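Atoms within each ligand, like the ligands themselves, are counted from 1 in listed order. These numbers come from a predicted model, not from an experiment.
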Amino acid sequence: MNLIILGLPGAGKGTQSDFIVKKYGLIHLSTGDIFRNNIRNGTTLGIKTKAYMDAGIYVPDEITNNLVAARLLQSDIKTTDFILDGYPRTIDQANFLDQTLLTIKKPILVLYLAINEQTVIDRLSSRRVCLQCGRVYNLKFSPPKINNKCDIDNQTLIQRSDDKETTIKTRLEIYKKETLPLVTYYQNKGLLKTIDANLENDKVLATIEQYLLENDNG
Ligand code: AMP
């Protein structure tokens, strides 16, 4: 069971992926997390991608495609399935991924987290993260126990630079133009399962698990 998780920024792709990864032992491949780690560590890739990320625009396809293909060609992927979170995000990336999947002989299913735009604006603007352990909070819906401090390691929480209000708007516009066409792309291939992501996290997860169970049996 190899999965792509697709949806607006703030639809819950990272949160749901974390649950799925823990439950099914999949490899979690989040392009956003990889870019952020590289920026934090000051690598060449990080230096190349920081300005795009800060502005909320997409990193060029060539950089992103090469990064993902290199990861999917590593030997652990032969024996362990994976979930792609935040990739593909353009039709070119989807075409490129199709070729890579043919090479590694892995079939894929796509979970589409469908959500209202206003809900993600509310979620993203109140999202805070701990840079130390990576835990994600929401000041409105899942706040930390102590104001602005991580429950796990007491580090001060920060707002992602691309979660500022003007950047959120840019990200949503780009998503609609570049990424939304992927819904039709995968629908036409008969690979898409739409999940109502307006509900609470545990209800969304329950729907996903039910679907994965049915698919495993079928
Ligand atoms: P995310 O954490 O998935 O919301 O990604 C954060 C940012 O990383 C995006 O706004 C882009 O700048 C960059 N990024 C992540 N994945 C991709 C991708 N597949 N293609 C291009 N840029 C990406």
Salt bridge Arg171-Asp163, side-chain N to carboxylate O under 4.0 Å
yes

So is Ile63 close enough to ligand 1, meaning a heavy atom under 4.0 angstrom away?
no

Transitive ILVMFWY side-chain link Ile4 to Leu192, under 4.5 Å
yes

Is the count of non-hydrogen atoms from other residues, nucleotides or ligands lying under 6.0 Å from Glu165 atom CD greater than 12?
no

Can you check whether Thr64 reaches Phe96 side chain to side chain, under 4.5 Å on heavy atoms?
no

So among Lys23, Lys22, Lys203, which one has a salt bridge (charged side-chain N to carboxylate O under 4.0 Å, His left out) with Glu209?
Lys23

Report the part of Phe35 in contact with ligand 1, treating N, CA, C, O as backbone and CB onward as side chain, heavy atoms under 4.0 Å; options are side chain, backbone, both, neither.
side chain

Could you list the atoms of ligand 1 found under 4.0 angstrom from a heavy atom of Arg160?
1 (P), 2 (O), 4 (O), 6 (C)

Please report the interatomic distance CG(Leu6) to CG(Leu111), rounded to the nearest 0.5 Å.
9.5 Å

Report, in ascending order of atom number, the atoms of ligand 1 lying under 4.0 Å from any heavy atom of Met53.
7 (C), 8 (O), 12 (O), 13 (C)

Give the atom numbers and elements of ligand 1 that come within less than 4.0 Å of a heavy atom of Arg36.
2 (O), 6 (C)

Neighbour count >12 (heavy atoms, 6.0 Å) for atom OH, Tyr211:
yes

I need the Leu113 CG to Thr207 OG1 distance, nearest 0.5 Å.
10.0 Å

Looking at Arg89 and Asp61, is any side-chain nitrogen of the basic one under 4.0 Å from a carboxylate oxygen of the acidic one?
no

Using a 4.0 Å cutoff against the non-hydrogen atoms of Arg171, which atoms of ligand 1 qualify?
4 (O)

Short N/O distance, under 3.5 Å, between Pro88 and ligand 1?
no

Nearest protein heavy atom to atom 22 (N) of ligand 1, by residue and atom, and its distance?
Val59 N, 3.1 Å

May I ask you to list the atoms of ligand 1 that are less than 4.0 angstrom from any heavy atom of Thr64?
18 (C), 19 (N), 20 (N), 21 (C)

Honestly, for Gln93 the part within reach of ligand 1 (heavy atoms, under 4.0 Å) is side chain

Which of the atoms in ligand 1, numbered in the order shown and given with their element, are less than 4.0 Å from a heavy-atom of Tyr58?
21 (C), 22 (N)

Please indicate whether any nitrogen or oxygen in Thr31 is less than 3.5 Å from any nitrogen or oxygen in ligand 1.
yes

Can an N or O of Arg89 be found at a distance shorter than 3.5 Å from an N or O of ligand 1?
yes

Can you tell if the side chain of Ile115 reaches within under 4.5 Å of the side chain of Asp196, non-hydrogen atoms only?
no

Measuring from the heavy atoms of Lys13, does anything fall under 4.0 Å of ligand 1?
no

Side chain, backbone, both or neither: the part of Ile57 lying under 4.0 Å from ligand 1 by heavy atom:
backbone

